[in-house]
Protein chains: 2
Amino acid sequence: MWPRDRKLRKLDECPYYLVSRASLLMTATLKKTFAGAGIRGLRPSYLVVLWCLWQRDGQKMIQLARCAGLEPSTMTGLLDRMERDGFVTREPAPQDRRAMHIQLTDKGLGVHDTAMRMMDETLSMLFMGIPLEEIDIAARVLRRIISNVRGTTGESTGR
Amino acid sequence: MWPRDRKLRKLDECPYYLVSRASLLMTATLKKTFAGAGIRGLRPSYLVVLWCLWQRDGQKMIQLARCAGLEPSTMTGLLDRMERDGFVTREPAPQDRRAMHIQLTDKGLGVHDTAMRMMDETLSMLFMGIPLEEIDIAARVLRRIISNVRGTTGESTGR
DNA sequence: TACGTATTATTCGCATACATACTATCCGCT
DNA sequence: AGCGGATAGTATGTATGCGAATAATACGTA
């Protein structure tokens, strides 16, 4: 529980600052790692979508949005770029004429191993000098924050 | 240290996903809290700048950028909006004709107490059910991530 | 079957962030 | 004094994300 009486003296004592800054820096780092790995056009933001499709190829946009935790309006632009960069194809879904059927291209599928390796490498660098035990606690804290927000926004259990 | 042999099965086992998602959700939550507190036009992104100015009013843009960890080009737009919304004034600095002197308005100064209270309230909600001990560990992990990135980007010690 | 509602995706406007290129100014050194 | 490099800030283009409004389609129910 956050202690009401804790005074924030410096910026880096504020959890909100820490999470925001870490997020931006981790993204920038990942971007550089990708750039140096010879994968043309792969961006950190593509990862959540690729991840969903690697698990199960061929999904509707709305499914990807829910899986990635992004708004549908955000997915539109994201998929525009992913299509432009050759990672996915977007076709009208056969059963539902409202829906779009998103599928991996060969490039999108083939990039899996390298992307995972790059992610691993990046995480190794980012977590340098931090005991694994603390990394796992931090992950648990973040998961709880996420579920705390979902719980109070009137969302059902994130399905 | 991040274990190389750890396989990421689900998205929420990936620290990068957790930090990004938490960052977005925390920002959205803070935004809602501000909106409900009757402070006209206060946004989460303004906080870092206000924080720096609350500590010491009257700074150059470049100082604010360094303090906040943002690029100068980002500060330009941010200060445009903060000026527009009445939190700061931007005047040419007297000693250095290249520089801009950023100062709090009455509104910018007066919003301090409410903003801190709202931040406190938001953090209480976000950290619901998490032991303080774990929050502090998570904060330490994030600080270390941040310094790890700064350390390898060729930046000096964040001055 | 037809109507009303829900769902799916897109468009638009805005905010936030970066990199790059540019202008203006300052400062050290000759 | 003046030249060259460093510094401060802005402009521009792109990426990423949200919310509100819109269009098209699907579906339950009368």
Side-chain angles (χ1 to χ4, degrees), chain A residues 16-17 20-32 34-35 41-49 59-66 68-85 87 90-102 149 153 159, chain B residues 16-17 20-32 34-35 41-49 59-85 87-88 90-102 149 153 159:
Chain A
Y16 173 59
Y17 171 80
S20 316
R21 194 102 315 265
S23 173
L24 286 172
L25 289 175
M26 290 174 84
T27 301
T29 306
L30 205 49
K31 192 175 161 188
K32 277 180 198 162
F34 284 160
L42 183 57
R43 297 174 159 285
S45 61
Y46 295 178
L47 279 183
V48 268
V49 176
Q59 295 193 48
K60 295 191 296 179
M61 243 206 49
I62 189 75
Q63 294 176 303
L64 292 174
R66 274 197 274 260
L70 296 171
E71 293 299 316
S73 60
T74 302
M75 287 301 303
T76 298
L78 184 51
L79 288 175
D80 283 348
R81 291 185 291 274
M82 292 186 69
E83 202 178 8
R84 178 199 66 191
D85 296 339
F87 293 100
R90 183 160 40 170
E91 291 168 10
Q95 331 82 337
D96 188 337
R97 285 198 290 161
R98 294 168 303 181
M100 288 304 231
H101 194 68
I102 316 296
V149 175
T153 319
R159 201 203 5 128
Chain B
Y16 173 59
Y17 170 80
S20 316
R21 195 101 314 266
S23 172
L24 286 172
L25 290 175
M26 290 173 84
T27 302
T29 306
L30 205 49
K31 192 174 160 191
K32 278 179 197 161
F34 284 159
L42 183 58
R43 298 174 158 286
S45 61
Y46 295 178
L47 279 185
V48 268
V49 176
Q59 295 194 50
K60 294 192 297 179
M61 243 207 48
I62 189 72
Q63 293 176 303
L64 293 174
R66 273 198 275 261
C67 167
L70 296 171
E71 294 298 318
S73 60
T74 302
M75 287 301 302
T76 298
L78 183 51
L79 288 175
D80 283 347
R81 291 185 291 275
M82 291 185 69
E83 203 177 7
R84 178 198 65 190
D85 295 340
F87 293 99
V88 300
R90 182 159 41 169
E91 291 168 10
Q95 330 82 338
D96 187 338
R97 283 199 292 162
R98 295 168 302 181
M100 288 304 232
H101 194 69
I102 316 294
V149 174
T153 317
R159 205 217 348 139

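In the text below, chain A, chain B and the rest are named by the order of the sequence lines, each starting its count at 1.
- Side-chain nitrogen and oxygen atoms of Lys60(A) include at least one within less than 4.0 Å of the OP1 or OP2 phosphate oxygen of dT8(C).
- Straight-line distance from the CD atom of Glu71(B) to the P atom of dT7(D): 15 Å, rounded to whole Å.
- The distance from atom CD of Gln95(B) to atom P of dT25(C) is 15 Å, rounded to the nearest whole Å.
- In this structure, of dC26(C), dG9(D), dT16(D), it is dT16(D) that holds the atom nearest to the side chain of Ser45(A).
- Rounded to whole Å, atom P of dT11(C) lies 11 Å from atom CE of Met61(A).
- In terms of position on DNA chain D, the residue among Lys32(B) and Arg84(A) whose nearest nucleotide sits closer to the 5' end is Arg84(A).
- Atom OH of Tyr46(B) is separated from atom P of dA17(C) by 11 Å (rounded to the nearest Å).
- For the atom pair CE of Met75(A) and CE of Met100(A), the computed distance is 12.0 Å after rounding to the nearest 0.5 Å.
- Across dT16(C), dA15(D), dT10(D), the shortest atom-to-atom separation from the side chain of Arg43(A) is found for dA15(D).
- Residue Ile62(B) holds its CD1 atom at 12.0 Å from SG of Cys67(B), rounded to the nearest 0.5 Å.
- The residue among Asp96(A) and Thr76(B) whose nearest nucleotide of DNA chain D lies closer to the 5′ end is Thr76(B).
- Residue Arg90(A) has a polar side-chain atom (N or O) positioned under 4.0 Å from OP1 or OP2 of dT10(C).
- Going from atom CD1 of Ile62(B) over to atom P of dC26(C) covers 16 Å, rounded to whole Å.
- Ser73(B) has no side-chain polar atom (N or O) that falls below the 4.0 Å cut-off from OP1 or OP2 of dA19(C).
- At dG17(D), none of the side-chain N or O atoms of Arg21(B) fall inside 4.0 Å of OP1 or OP2 (strictly under the cut-off).
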(request) Give the C-alpha distance, both sets of side-chain angles, the deciding distance and a yes or no for side chain to side chain contact (heavy atoms under 4.5 Å, CB included) between Tyr46(B) and Asp85(B). (result) CA-CA 10 Å; Tyr46(B) 295 178; Asp85(B) 295 340; 2.6 Å; yes
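- Residue whose closest nucleotide on DNA chain C sits further toward the 5' end, between Leu79(A) and Leu70(B): Leu79(A).
- Residue Glu71(B) holds its CD atom at 11.0 Å from CZ of Arg66(B), rounded to the nearest 0.5 Å.
- Counting to the nearest Å, the P atom of dA15(C) and the CG atom of Leu24(A) are 18 Å from each other.
- For Arg81(A) and dT16(D), the shortest distance from a side-chain N or O to OP1 or OP2 is below 4.0 Å.
- Between dA17(C), dA6(C), dG17(D), one nucleotide has an atom nearer to the side chain of Arg98(A) than all others, and that is dA6(C).
- Proximity of a side-chain donor or acceptor of Arg90(B) to a complementary backbone N or O of Glu83(B) within less than 3.5 Å is not detected.
- In this entry the distance linking CZ of Arg97(A) with P of dC27(D) reads 12 Å, nearest Å.
- We find that CE of Met100(A) is positioned 12 Å from C1' of dA24(D), with the value rounded to whole Å.
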